[in-house]
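Note sheet for the following structure.
Every chain is numbered from 1 and lettered A, B, ... according to where its sequence line falls, protein lines coming before strand lines.
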Number of protein chains: 2
Amino acid sequence: MKISEGVEWGLHSAVLLAVLPRGTALPTARLAEYHGVPAAYLAKHLQAMSRAGILEASQGPKGGYRLARPAGEITALDVIEAIDGTEPAFVCTEIRRRGPTAMPAREYRLPCSIHALMNRADAAWRAELASTTIADFSVQMLEHASPKAVAKGAQWLQEVLA
Amino acid sequence: MKISEGVEWGLHSAVLLAVLPRGTALPTARLAEYHGVPAAYLAKHLQAMSRAGILEASQGPKGGYRLARPAGEITALDVIEAIDGTEPAFVCTEIRRRGPTAMPAREYRLPCSIHALMNRADAAWRAELASTTIADFSVQMLEHASPKAVAKGAQWLQEVLA
DNA sequence: GGAGTGATACTCGGATATCTGGTGTCCGAGTTTTCGCGG
DNA sequence: CCGCGAAAACTCGGACACCAGATATCCGAGTATCACTCC
């Protein structure tokens, strides 16, 4: 079990887009440059976020991506599900119904206990991830980062948007 | 992100081994037959559980696997980590340190906010999974299953152990 | 009848192929900008 | 100077290779059982 690396890229990209001045956008190439990742592959994940309604894309010169709604209304879970899919990690294949002790289907009204626990664990995971928004990340990162780093980032943004 | 199918097999196998009479064991072939899964592949996961100290193996005729400790002391998380590994699903690649805004390493004393959230979510997931033991599963399944199904299973066990 | 012994059959364990999904890349469709031209 | 229009450059979006890990399998090492023999 491993989470796609694209999830990390998508989250960081969303945080960067959250601090963009109103009315501006960042194209894939700039987002990739800022994070030091391959642009062509990052594009794939940004498209997924766009399809999921998290990002909005605009074409042509000065175009690019921007958040489709306020950063406070985008949870980390939203981004993860957009990129990694919404299916739970555990899929019950109902092996209890197979083999020599199999019974008619109507005997299996209640969900498998193992499946139920997996669902509870999955719900706990998602609940934790839904408790933090992109806006929260922005605040935390600006608070924790050194003033120098913040200044460097701000300067980069200014140059790119010029 | 998807959990290996072997995890489901391992958990069900552990539950079956939990209801074995004291002093008996079940070989891979019987466990596979009971669950209707390929024996050769199930063997791989049983070996992993054996390495992790969850199962004990005995060789020769009448040999096979049995639980290495009481079912009440084996959590679902133990089985999952034995088969799927203990590494967290999310691996932070520290992309904040890459790109044009990178700073000297000493500027990054605090963990990345995104990484921290992922760790909390992972901990919540694991905590939920550690709250249920194989013994709990046995009780729940015996309670929820129809008497007919339980009888069928008991009869199968008796024939196999004979 | 009982103990010893050898063969036997059964078990696990790790090393070996195959295949799906994540990783990485590319080019075409569409739109906005912008520059030039005419009024 | 202002409006219009066409070309150009930049953007996203989906379609196409590549690779690691999960899936699936096999055969060899080791051992408890069991039958047979001998005492």
Tell me the interatomic distance from [X], atom [atom1], to [N], atom [atom2], rounded to whole angstroms.
X: His45(A); N: dG21(C); atom1: NE2; atom2: C1'; answer: 13 Å
X: Gln47(A); N: dC16(D); atom1: CD; atom2: C1'; answer: 14 Å
X: Glu5(B); N: dC19(C); atom1: CD; atom2: P; answer: 17 Å
X: Leu42(A); N: dT11(D); atom1: CG; atom2: C1'; answer: 14 Å
X: Lys62(A); N: dA9(D); atom1: NZ; atom2: P; answer: 16 Å
X: Arg30(B); N: dC10(C); atom1: CZ; atom2: P; answer: 10 Å
X: Lys44(B); N: dG13(C); atom1: NZ; atom2: P; answer: 13 Å
X: Lys2(B); N: dA20(D); atom1: NZ; atom2: C1'; answer: 16 Å

Which of the following nucleotides, [options], is nearest to the side chain of [X]?
X: Pro27(A); options: dA9(D), dT23(C), dC12(D); answer: dC12(D)
X: Ala57(B); options: dT25(C), dC12(C), dT23(C); answer: dC12(C)
X: Gln59(A); options: dA29(C), dT23(C), dA9(C); answer: dA29(C)
X: Ala40(A); options: dC26(C), dC10(D), dT23(C); answer: dC26(C)

Is the distance from OP1 or OP2 of [N] to the nearest side-chain N or O of [X] less than 4.0 Å?
X: Tyr41(A); N: dT23(C); answer: yes
X: Ser50(A); N: dC12(D); answer: no
X: Arg51(B); N: dG14(C); answer: yes
X: Ser58(B); N: dT11(C); answer: no

Given DNA chain C, 5'-ward residue of the pair Met1(B) and Ala29(B), judged by closest heavy atom: Ala29(B)
For the student: nearest non-hydrogen atoms of Cys112(B) and Cys92(B), plus distance: CB-SG, 4.4 Å
Closest-nucleotide ordering on DNA chain D, the 5'-leading residue of Asp84(B) and Gly63(A): Gly63(A)
Note: Lys2(B)-Asp84(B) ion pair, threshold 4.0 Å (strictly below): no
Pair Glu128(A) + Arg126(A): basic N to acidic O under 4.0 Å: no
Close side-chain approach of Leu161(B) to Leu20(B), heavy-atom, < 4.5 Å: yes
Donor on one side chain, acceptor on other, Ser146(B) and Glu107(A), under 3.5 Å: yes
Sugar-phosphate only, base, or nothing, as touched by Pro61(A) at under 4.0 Å among non-hydrogen atoms: base
